[in-house]
Amino acid sequence: MRDAFFKIYPEKDNIEKIELNIEYARVTWNNLLYHCYQPIYDKYCDLSRKERAKAVRKYLSSIEYTEVKELRKRLNKIKRTDIDEKEWTRDCDSQIFPQTLRILKKAFDNYLKNPKHFKVPKFKSRKSIRYSGRYQTTNACRLVNECTFKLNKVSNKIPIYQHYPSDGRLYKVNIKKKPDETYWASLVYEQSEHTVRREKTGKSVGIDLNVSGGNYITLSDGHIYSMPFEEIKRIENKIERENRKLSKKYEQWRKEVAIIENDNKKALIPAHIPKLEERSNYQKNRLKKAKLQEHLNNIKKDSIRKICSQIANDYDIVAMEDLNVSGMIKNSN
């Protein structure tokens, strides 16, 4: 298996179809979870809908390991006919249901294997896919040529720029929408053998991670690799500036909404209450912040991948300490 991540450029009509598939994946996830958690919902059948949802969330936060194991078995009995689907789902990809079921089973298995690291699967709200989301499919997705990509129920010709073409068979596709309003496709290929072969150097090295100083990685033979901390700090300052602007515009929107709601109580014809999505200035700042955050993530990923590739090419054996790096970063003292 080989995974490749590419940017796609769908048209406006295709974007609506992709977002519809993302919404269908979210609804399918929630329906499967509701069917799985049905015994828990039956305990609070006397409560209202909101109170029952709060009670279920509170119950799941302290659920026992053995009970999760029994709930996981219910997924093996679920069929597509057991889920009530609406008419608009007919225009969506038919492979989203089996793929979402497989991902949900994997989420339960991860929790059962390591409950300290993973959490019990939870429901996804509509807010979670407002600016970003994803879905997985295997149905009639293929590459027409090096610059065109076919995606079922979306379009037969979606522009795509492949930097690393593969000779393997296309196995499955993950479509992802990012907060900066860009769309990406993760293509998983089946290959008979590895395409990259590295010559053996006969060298071995140990790695020491430095979480507080300026050096990112120090090797046992004296080589030092560092991240572009100055560039990262400069972009982080810009993100903080945009956050302050966003918070001010958000508070201004809340004040306007409160004034309109008070006036509507006395008015015969209530005025329209603007939503946050309708505030163009807020959305411009949100998009600008999302692009800066994506740029920051790309800088970190690019630096880490270059360092890892260089170490993998220069050494055959790499040893490092089994440390809780995330905990060391939180408590640098």
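Throughout, numbering of the chain's residues begins at 1 and tracks the sequence.
What you find for V120 and Y37 is that their closest heavy atoms are CG1-OH, 3.1 Å. Taking all atoms of both residues into account, the shortest heavy-atom contact from P274 to V257 is O-CG2, 3.9 Å. What you find for D93 and N21 is that their closest heavy atoms are N-OD1, 3.2 Å. When all heavy atoms of I299 and P228 are compared, the closest pair comes out as CG2-CG, 3.7 Å. For the residue pair D316 and T201, the shortest heavy atom distance occurs at OD2-N, 3.1 Å. Summarising the geometry of E19 relative to Y183, their closest heavy-atom pair is OE2-OH, 3.1 Å, with the distance given to 0.1 Å.
Contact check on E23 versus R26 returns a salt bridge, with a Lys/Arg side-chain nitrogen under 4.0 Å from an Asp/Glu carboxylate oxygen. Looking at E11 and K157, no side-chain N of the basic residue comes within less than 4.0 Å of a carboxylate O on the acidic one, giving no salt bridge.
Side chains of E278 and H272: a donor-acceptor N/O pair is present below 3.5 angstrom, by distance only. Judged by distance alone, the side chains of N30 and K124 never bring a donor and an acceptor atom under 3.5 Å apart.
Side-chain contact between N110 and N114: absent, with no pair of heavy atoms (C-beta onward) separated by less than 4.5 Å. The closest side-chain heavy-atom distance from I63 to I40 is below 4.5 Å. Looking at T28 and Y135, their side chains never come closer than 4.5 Å, going by heavy atoms from C-beta outward. Using a 4.5 Å heavy-atom threshold, the side chains of I304 and M227 count as touching. Residues N262 and K265 form a side-chain contact, since some pair of their non-hydrogen atoms from C-beta on lies under 4.5 Å apart. Looking at heavy atoms from C-beta onward, D314 lies out of side-chain contact with K203 at the 4.5 angstrom threshold. I207 has its side chain within reach of L219: a pair of non-hydrogen atoms, C-beta onward, lies under 4.5 Å apart.
Rounded to the nearest 0.5 angstrom, I273 CD1 and E261 CD are separated by 4.5 Å. Here T182 contributes atom OG1 and K291 contributes atom NZ; the two are 9.0 Å apart, rounded to the nearest 0.5 Å. Rounded to the nearest 0.5 angstrom, Y24 OH and I96 CD1 are separated by 6.5 Å. Atom-to-atom distance recorded for D91:CG and K17:NZ is 9.0 Å, nearest 0.5 angstrom. Once rounded to the nearest 0.5 Å, the distance linking CZ of R102 with CG of L75 reads 13.5 Å. Rounding to the nearest 0.5 Å gives a distance of 12.0 Å between CG of N31 and CG of L101.
Qualifying side-chain contact (heavy atoms from CB on, under 4.5 Å) partners for Y250, counting only residues two or more places apart in sequence or in other chains: W253, R254, L276, Y282.
Side chain of S61 to main chain of K58: a donor-acceptor pair is present (N/O by atom type, distance under 3.5 Å, no hydrogens or angles). Looking at W184, its side chain never comes within 3.5 Å of a backbone N or O of N174 through a donor-acceptor pair. Listed for the S204 side chain is no donor-acceptor partner under 3.5 Å among the backbone atoms of I317.
Ring pair Y34/Y41: centre-to-centre distance below 6.0 Å.
Atom NZ of K177 has more than 12 neighbouring heavy atoms from other residues, nucleotides or ligands inside a 6.0 Å radius. Within 6.0 Å of the NZ atom in K43, the count of heavy atoms belonging to other residues, nucleotides or ligands exceeds 12.
Pairs engaging residues 226-247 under the salt bridge (charged side-chain N to carboxylate O under 4.0 Å, His left out) rule: E231-R234, E242-K245, E242-K288 [sequence neighbours left out].
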Check your understanding: salt bridge (Lys or Arg N to Asp or Glu O under 4.0 Å) between E277 and R286: does it pass, once the steps are laid out?
Key -> CA-CA 11 Å; E277 290 81 1; R286 182 197 63 80; over 6 Å; no

Check residues 64-74 and write down every donor-acceptor pair under 3.5 Å in which the side-chain atom is one partner and the other belongs to a residue at least two apart or another chain.
unit_1, atom_1, unit_2, atom_2, d
Y65, OH, L112, O, 2.6
E67, OE1, Y59, OH, 2.8
E67, OE2, Y59, OH, 2.7
R72, NE, D109, OD1, 3.0
R72, NH1, N76, OD1, 3.1
R74, NE, H35, O, 3.3
R74, NE, C36, O, 3.3
R74, NH2, H35, O, 3.0

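In this structure, L287 is not a member of the same hydrophobic cluster as I235, with clusters built from ILVMFWY side-chain heavy atoms closer than 4.5 Å.
Exactly one of E256, K284, K249 qualifies for a side chain to side chain contact (heavy atoms under 4.5 Å, CB included) with R279. That residue is E256.
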